[in-house]
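Step one of this worksheet: look at the structure below.
None of these values were measured; they are calculated from a predicted model. Residue indices begin at 1 and follow the sequence shown.
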Amino acid sequence: MRLALTLPSALLLIATIGCVGTPRTAPTPAVAAGAAYPTELRWFRTSAEYQALTLQTYRVAGERLAVAAEGLAKGSWAVILDADETVLDNSEYQKRLGVAHAKYSDSSWAVWVHEAIATAIPGAAEFTQRVRQLGGRVVIVTNRAESLCAITRTNLAAVHIAADLVLCQAPGESNKNPRFGRVQDGTAVAGVPRLKVLEWIGDNIQDFPSLTQAARNQPVLLEQFGVSYFALPNPMYGSWEKNPDQ
C-alpha cells in the first residue's frame with residue numbers, strides 16, 4: 001500500500017535524504033498499516049485475543065449452564081442467543097463494505113445473507129450442542145428480517161449451530177423483549193411449551209432482557225453478566241455507536 005506523505009513529512013525527507021536513510025511513516029489513523037479496512041474490523045478478523053474471548057465466554061456459559069440445568073426436565077428450558085456476531089460471523093460483509101468505502105444498506109445486507117456463507121463464531125457451535133446434550137432448547141432471537149429467516153436457518157445448519165427455534169424480526173418489532181416474553185410464556189411457536197430461559201448470550205446490550213446502553217451508568221443492571229447473561233465483543237457496530245463521547 002502506498003502511503004502519502006504530509007507536507008511536513010515531505011520537507012523532512014528532503015532535508016535528511018542521504019543522511020539518515022529511509023524515514024519511517026506512521027500508519028493512517030483508524031486504518032492499520034497494510035490493511036484496507038478499519039482497525040476494529042481487522043482485530044475482529046485476525047486477532048488471537050478475539051478468538052480467546054469468544055471461546056472463554058462460551059466455555060464459562062457452558063459450565064454455568066450445567067449447574068443451572070440440574071434437576072430440570074428435558075425440553076422445559078432454553079438458552080436464548082442472538083445471531084449476528086454471536087453465533088454467526090459476518091465480518092466478511094463488513095470487510096466488503098470497508099474495502100468499497102460503502103455503508104450498510106438493507107439491499108447489500110440481503111445479498112450477503114442469501115449467500116449463506118457466514119461462519120460460526122468460535123465456540124458457538126459446541127455451546128449449542130452442549131445445550132441440547134443437557135436437555136435444553138436453543139432459541140435464536142435475531143433482528144434479521146422475517147424475509148431472511150429461512151436462509152438464516154440454512155446458514156445456521158451449515159455451520160452446525162443447533163437451533164431449535166429461530167425468531168426473526170417481524171415488521172416494526174426491533175425490540176426483542178416481546179419475543180423473549182413469547183418464548184417464556186409458550187406463545188412463540190405452536191407446539192412449543194413455555195420455556196424457562198436459563199441464559200442469554202449476545203454481542204449487543206439490547207440482546208438482554210430490558211437492557212439498553214443506559215446500563216453503562218447503572219452497574220446494578222449488569223450484575224447478571226457472568227451468571228445468566230454472557231456478552232461477546234463486537235467493536236464493529238452496535239447500539240453503543242450512539243453513545244456520546246466522554
Side-chain angles (χ1 to χ4, degrees), residues 77-94 96-97 102-118 121 124 128 137-157 159 161 163-218 221-222 224-225 228-244:
W77 59 273
V79 172
I80 292 180
L81 304 96
D82 172 52
D84 299 311
E85 279 51 78
T86 297
V87 296
L88 291 177
D89 178 348
N90 301 286
S91 62
E92 174 61 28
Y93 170 71
Q94 298 294 330
R96 294 178 189 181
L97 293 182
K103 294 183 178 180
Y104 169 90
S105 69
D106 289 343
S107 58
S108 66
W109 174 247
V111 169
W112 163 255
V113 171
H114 276 96
E115 290 183 45
I117 59 172
I121 296 294
T128 60
R137 303 188 194 221
V138 175
V139 180
I140 306 293
V141 177
T142 173
N143 273 351
R144 290 188 174 197
E146 188 64 45
S147 61
L148 300 175
C149 223
I151 193 64
T152 296
R153 292 186 180 95
T154 297
N155 198 161
L156 291 167
V159 295
I161 301 297
D164 296 284
L165 299 177
V166 180
L167 304 179
C168 292
Q169 179 184 343
E173 194 181 68
S174 60
N175 187 328
K176 293 184 175 183
N177 287 291
R179 278 171 281 168
F180 295 160
R182 290 196 286 272
V183 171
Q184 292 170 301
D185 66 21
T187 60
V189 177
V192 177
R194 64 178 62 201
L195 299 172
K196 181 176 182 178
V197 180
L198 300 186
E199 292 182 351
W200 277 264
I201 302 178
D203 66 292
N204 189 317
I205 198 69
Q206 294 173 354
D207 294 330
F208 303 93
S210 302
L211 293 184
T212 68
Q213 286 295 321
R216 71 190 187 280
N217 298 318
Q218 302 177 61
L221 297 179
L222 303 178
Q224 284 303 306
F225 284 91
S228 58
Y229 299 171
F230 297 89
L232 295 166
N234 179 4
M236 299 184 295
Y237 66 87
S239 59
W240 58 266
E241 293 179 281
K242 295 181 180 179
N243 292 343

What is the distance from atom [atom1] of [X] to atom [atom2] of [Y], rounded to the nearest 0.5 Å?
X: Arg153; Y: Leu148; atom1: CZ; atom2: CG; answer: 11.5 Å
X: Leu221; Y: Tyr229; atom1: CG; atom2: OH; answer: 9.5 Å
X: Cys168; Y: Ile151; atom1: SG; atom2: CD1; answer: 11.5 Å
X: Asn234; Y: Ile121; atom1: CG; atom2: CD1; answer: 8.5 Å
X: Lys103; Y: Leu97; atom1: NZ; atom2: CG; answer: 11.5 Å

Original post:
Could you go step by step and tell me if Tyr237 and Glu85 meet the side-chain hydrogen bond (donor to acceptor under 3.5 Å, both in side chains) rule?
Top reply: CA-CA 10 Å; Tyr237 66 87; Glu85 279 51 78; 2.3 Å; yes
Original post:
Between Ile140, Leu165, Val197, which is the residue that forms a side-chain contact (heavy atoms from CB on, under 4.5 Å) with Ile80?
Top reply: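 The side-chain contact (heavy atoms from CB on, under 4.5 Å) with Ile80 is passed solely by Val197 among Ile140, Leu165, Val197.
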Which heavy-atom pair separates [X] from [Y] by the least distance, and what is that distance?
X: Gln213; Y: Ser239; answer: NE2-OG, 3.0 Å
X: Ala78; Y: Leu195; answer: CB-CD1, 3.8 Å
X: Ile117; Y: Asn155; answer: N-OD1, 3.6 Å
X: Glu241; Y: Met236; answer: OE2-O, 4.2 Å
X: Thr86; Y: Leu232; answer: O-CD1, 3.4 Å
X: Gly202; Y: Asp82; answer: CA-CB, 4.1 Å

Looking at [Y], is its backbone amide N or carbonyl O close enough to the side chain of [X] to form a donor-acceptor pair, meaning the two atoms are under 3.5 Å apart?
X: Arg96; Y: Ala102; value: no
X: Asn143; Y: Ser174; value: yes
X: Arg144; Y: Thr152; value: no
X: Asn90; Y: Asp84; value: no

**OP:** Output every pair passing salt bridge (charged side-chain N to carboxylate O under 4.0 Å, His left out) with a member in residues 195-218, not counting sequence neighbours, ordered by first then second residue.
**Re:**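 Those involving residues 195-218 are Lys176-Asp207.
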Subject >> Parallel, tilted or perpendicular, as decided by the 30° and 60° cut-offs, for the rings of Trp109 and Tyr104 >> reply: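 Judged by the thresholds at 30° and 60°, the geometry between Tyr104 and Trp109 is tilted.
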Original post:
What class does the angle between the rings of Trp200 and Phe180 fall in, given that below 30° is parallel, 30 to 60° is tilted and above 60° is perpendicular?
Top reply: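 The arrangement is perpendicular - the two ring planes meet at more than 60°.
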